Amino acid sequence: MDVYGLLGNPVGHSLSPPMHEAAYDELGLEARYATFEPEEDDIGDAIRGADALGIAGLNVTIPFKQAVLEIVAPEDLATRIGAVNTIDFAGSGPPTGYNTDAVGALRALREHDIALEGEQAVVVGAGGAGRAIAFGLADAGATVAIANRTESKARDLAAAVPRATGHGLAALEQLLADADVLVNATSVGMDADATPVPEDALHGGLAVLDAVYSPLETRLLRDAADAGATTVDGAWMLLYQGVEAFEIWTGQDAPVDVMNEALRSRL
Ligand code: NAP
């Protein structure tokens with residue numbers, strides 16, 4: 001029996017257990033996916049304990065994504081993003097840390113036939129998701145403009161991301177006029193029917209991904225659809241970060257449709 005899981009605090013409402021267990025059932029794998037809520041100070045002990053117990057893989061969420069970077073051997077992309085959300089315990093050395101949020105966003109866009117190479121992308125938000133998505137888009141060959149409520153955070157992030165520029169939210173109308181791809185990586189739209197992007201700035205030449213997945217249809221995605229833009233909801237990003245983790249851990253192609261159904265039936 002292989003044991004996988006999620007480390008975070010809180011993790012009670014996570015959709016990862018049903019998504020991963022649906023994949024194990026589909027492929028006949030003897031595996032389980034559990035959730036763990038260590039205290040913040042105990043994260044090092046938790047990971048060393050998991051390693052000692054033979055746990056096969058862990059996802060990591062708030063508030064541990066940054067602290068874990070110091071405990072595992074991070075891949076290059078996770079190091080640049082400054083956060084780990086997937087740990088693989090295979091092998092005899094220290095566990096490897098990955099950031100599959102970046103890949104999740106890229107796969108969500110690509111699976112919807114949205115080109116990235118040479119395109120102009122705007123990322124709204126410079127928190128954890130914004131960092132991952134900005135590095136991912138730049139690695140995929142897009143030119144990235146980052147706009148954030150706290151402008152200094154956008155500028156600091158832009159200084160680390162190749163070819164990127166940093167702005168306040170007031171620059172969004174101008175930035176979007178020539179943009180091909182827009183990603184909302186703020187939490188705006190989650191708790192209220194609100195959007196960080198002025199409706200008038202949206203246009204039919206845009207592809208819009210909202211990282212917010214609850215609700216699935218955010219105000220931003222409604223406005224974008226009204227403007228004739230292509231829309232991709234946040235469940236696609238959540239799905240593909242999980243798909244990527246599954247494939248890292250098992251070395252097998254994930255049963256994407258089954259995982260998608262398990263996820264969407266709970267949203
Ligand atoms: P975070 O690190 O706390 O960052 C929050 C971001 O939202 C910051 O850029 C913050 O700007 C901005 N923000 C918050 N309230 C705002 C407001 N009222 N107006 C304008 N900007 C505001 O959070 P995170 O981990 O990046 O997560 C952001 C969102 O992405 C959440 O909704 C999360 O659920 C979602 N997410 C989705 C996936 C997925 O797989 N679909 C993965 C990761 C995250 P300041 O810097 O100015 O505070």
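Along the sequence shown, residues carry numbers from 1. In this text, all values refer to a predicted model and were calculated from it rather than measured experimentally.
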A.B. asks: Please report whether the ring centroid of Phe246 lies less than 6.0 Å from that of Tyr4.
C.D. replies: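 Ring centres of Phe246 and Tyr4 not closer than 6.0 Å.
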
A.B. asks: Please confirm whether the backbone N or O of Ala171 pairs with a side-chain atom of Gln174, one donor and one acceptor, at under 3.5 Å?
C.D. replies: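 Answer holds: no.
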
A.B. asks: Give me each pair satisfying side-chain hydrogen bond (donor to acceptor under 3.5 Å, both in side chains) with a member in residues 136-145, each pair once, sequence neighbours excluded.
C.D. replies: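 Only Arg80-Asp139 qualify under side-chain hydrogen bond (donor to acceptor under 3.5 Å, both in side chains).
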
A.B. asks: Apply side chain to side chain contact (heavy atoms under 4.5 Å, CB included) to residues Leu216 and Arg264 and explain how you reach the verdict.
C.D. replies: CA-CA 9 Å; Leu216 267 181; Arg264 282 178 189 271; 3.9 Å; yes

A.B. asks: State plainly whether one hydrophobic cluster holds both Leu182 and Ile114, where clusters connect Ile, Leu, Val, Met, Phe, Trp and Tyr through side-chain heavy atoms under 4.5 angstrom apart.
C.D. replies: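 No; tracing contacts between hydrophobic side chains, which count when under 4.5 Å, never links both residues.
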
A.B. asks: Okay, side chain of Asp2, backbone of Ala56: is any donor-acceptor separation there less than 3.5 Å?
C.D. replies: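 Not at all, since once roles are kept as given, no pair shorter than 3.5 Å links the two residues.
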
A.B. asks: Would you mind reporting whether Ile248 and Thr100 have side-chain heavy atoms less than 4.5 Å apart?
C.D. replies: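 Yes, at least one pair of side-chain atoms sits under 4.5 Å.
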
A.B. asks: How close do Gly82 and Gln66 get, heavy atom to heavy atom, and via which atoms?
C.D. replies: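 Where Gly82 meets Gln66 most closely, the heavy atoms are O-CG, 3.5 Å.
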
A.B. asks: Excluding sequence neighbours, so at least two apart, what forms side chain to side chain donor-acceptor pair (under 3.5 Å) with Asp193?
C.D. replies: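 With sequence neighbours excluded, Asp193 shows a side chain to side chain donor-acceptor pair (under 3.5 Å) to Arg222, given in chain and number order.
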
A.B. asks: Using modelled atom types only, decide if a donor and an acceptor are shared between the side chain of Ser265 and the backbone of Ala262 within a distance under 3.5 Å.
C.D. replies: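 It does hold such a pair.
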
A.B. asks: Scan residues 84-107 for pairs that pass salt bridge (charged side-chain N to carboxylate O under 4.0 Å, His left out), counting only residues two or more places apart or in two chains.
C.D. replies: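 Counting only pairs at least two positions apart or across chains, the salt bridge (charged side-chain N to carboxylate O under 4.0 Å, His left out) contacts touching residues 84-107 are Lys65-Asp101, Arg107-Glu244, Arg107-Glu247.
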
A.B. asks: With a cut-off of 6.0 Å (strictly less than), are more than 12 heavy atoms of other residues, nucleotides or ligands near CD of Gln252?
C.D. replies: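 Counting other residues, nucleotides and ligands, CD of Gln252 exceeds 12 neighbours.
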
A.B. asks: Taking the side chain as C-beta and beyond, is there a heavy-atom pair between Asp223 and Arg219 under 4.5 Å?
C.D. replies: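 Yes, their side chains come closer than 4.5 Å.
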
A.B. asks: By side chain to side chain donor-acceptor pair (under 3.5 Å), which residues pair with Asn59, not counting sequence neighbours?
C.D. replies: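 Result, side chain to side chain donor-acceptor pair (under 3.5 Å) vs Asn59: Tyr33, Thr86.
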
A.B. asks: Please lay out, stage by stage, how Glu217 and Asp233 fare under the test side chain to side chain contact (heavy atoms under 4.5 Å, CB included).
C.D. replies: CA-CA 7 Å; Glu217 195 193 42; Asp233 67 52; over 6 Å; no

A.B. asks: Does the pair Leu29 and Thr250 meet the rule for a side chain to side chain contact (heavy atoms under 4.5 Å, CB included), with working shown?
C.D. replies: CA-CA 10 Å; Leu29 301 180; Thr250 66; 4.3 Å; yes

A.B. asks: Quick one: side chain to side chain donor-acceptor pair (under 3.5 Å) partners of Thr165, sequence neighbours excluded?
C.D. replies: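 Thr165 satisfies side chain to side chain donor-acceptor pair (under 3.5 Å) with His167 only.
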
A.B. asks: Quick one: does Val256's side chain get under 4.5 Å of Tyr240's, heavy atoms only?
C.D. replies: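 Result yes, sub-4.5 Å side-chain heavy-atom pair found.
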
A.B. asks: With heavy-atom distances below 4.5 Å as the criterion, would you say the side chains of Asn148 and Val124 are in contact?
C.D. replies: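 Heavy-atom side-chain distance check fails, nothing below 4.5 Å.
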
A.B. asks: If hydrophobic residues (ILVMFWY) are linked whenever their side-chain heavy atoms come closer than 4.5 Å, directly or via other members, who joins Val188 in its cluster?
C.D. replies: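 Once heavy-atom contacts under 4.5 Å are chained together, Val188 still belongs with nothing else.
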
A.B. asks: Can you tell me how far the OG atom of Ser14 sits from the CG atom of Leu6, to the nearest 0.5 Å?
C.D. replies: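 Rounded to the nearest 0.5 Å, the OG-CG separation comes to 4.5 Å.
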
A.B. asks: Just grab all the salt bridge (charged side-chain N to carboxylate O under 4.0 Å, His left out) pairs involving residues 156-171, residues at least two apart or on different chains.
C.D. replies: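 Listed once each, the pairs would be none.
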
A.B. asks: Which pairs pass side-chain hydrogen bond (donor to acceptor under 3.5 Å, both in side chains) with one or both residues in residues 176-186, sequence neighbours excluded?
C.D. replies: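 Only Asn184-Thr186, Asn184-Asp210 qualify under side-chain hydrogen bond (donor to acceptor under 3.5 Å, both in side chains).
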
A.B. asks: Residues sharing Ile87's hydrophobic cluster, by side-chain heavy-atom contacts under 4.5 Å among ILVMFWY, directly or via others?
C.D. replies: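 Result for Ile87 is Met1, Val3, Leu7, Phe36, Ile43, Ile47, Ile55, Leu58, Val60, Phe64, Val68, Leu69, Ile71, Val72, Val84, Phe89.
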
A.B. asks: Suppose we screen for salt bridge (charged side-chain N to carboxylate O under 4.0 Å, His left out). Which residues come up paired with Asp51, at least two apart in sequence or across chains?
C.D. replies: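 Asp51: no salt bridge (charged side-chain N to carboxylate O under 4.0 Å, His left out) contacts found.
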
A.B. asks: Taking the side chain as everything from C-beta on, heavy atoms only, tell me whether Arg110 gets closer than 4.5 Å to Leu106.
C.D. replies: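 A side-chain contact exists here, since the closest heavy-atom pair is under 4.5 Å.
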
A.B. asks: Count I, L, V, M, F, W, Y as connected when their side-chain heavy atoms are under 4.5 Å apart, and connections chain through other members. Are Val212 and Leu239 then in the same cluster?
C.D. replies: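 They do not share one cluster, since no chain of ILVMFWY contacts under 4.5 Å joins Val212 to Leu239.
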
A.B. asks: Verify, without hydrogens or angle tests, whether Thr218 (side chain) and Leu221 (backbone) share a donor-acceptor contact under 3.5 angstrom.
C.D. replies: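 Checking the backbone N and O of Leu221 against the side chain of Thr218, a donor-acceptor pair under 3.5 Å is found.
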
A.B. asks: Do Val232 and Met237 have side chains that approach each other closer than 4.5 Å (heavy atoms only, starting at C-beta)?
C.D. replies: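 Contact flag for Val232/Met237 side chains = no.
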
A.B. asks: Does one hydrophobic cluster hold both Leu77 and Val123, with members joined at side-chain heavy-atom distances below 4.5 Å?
C.D. replies: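 In one cluster with Leu77: Val123, yes.
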
A.B. asks: Find out whether Trp249 and His20 are in side-chain contact, i.e. whether some heavy atom of one side chain is under 4.5 Å from a heavy atom of the other.
C.D. replies: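 Contact flag for Trp249/His20 side chains = yes.
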
A.B. asks: Using only atom types and a distance under 3.5 Å, with no angle test, would you say the side chain of Gln241 pairs donor to acceptor with the backbone of Val103?
C.D. replies: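 Here the side-chain-to-backbone pair does not exist.
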
A.B. asks: Can you tell if the side chain of Pro38 reaches within under 4.5 Å of the side chain of Asn9, non-hydrogen atoms only?
C.D. replies: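 A side-chain contact under 4.5 Å is absent here.
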
A.B. asks: What pairs of residues pass the ring-ring contact (aromatic ring centres under 6.0 Å, His included) test when at least one of them lies in residues 97-145, not counting sequence neighbours?
C.D. replies: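 For residues 97-145: His112-Trp236.
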
A.B. asks: Taking side chain to side chain donor-acceptor pair (under 3.5 Å) as the test, write out the residues that go with Asp257, two or more places apart.
C.D. replies: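 Partners of Asp257 under the side chain to side chain donor-acceptor pair (under 3.5 Å) test: none.
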
A.B. asks: Could you tell me whether Asp42 atom CG has more than 12 heavy atoms of other residues or ligands within 6.0 Å of it?
C.D. replies: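 Atom CG in Asp42 is packed in, count exceeds 12.
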
A.B. asks: Working note: Leu137 + Leu109, criterion side chain to side chain contact (heavy atoms under 4.5 Å, CB included); need CA distance, chi angles, decisive distance, verdict.
C.D. replies: CA-CA 10 Å; Leu137 289 170; Leu109 291 166; 4.0 Å; yes

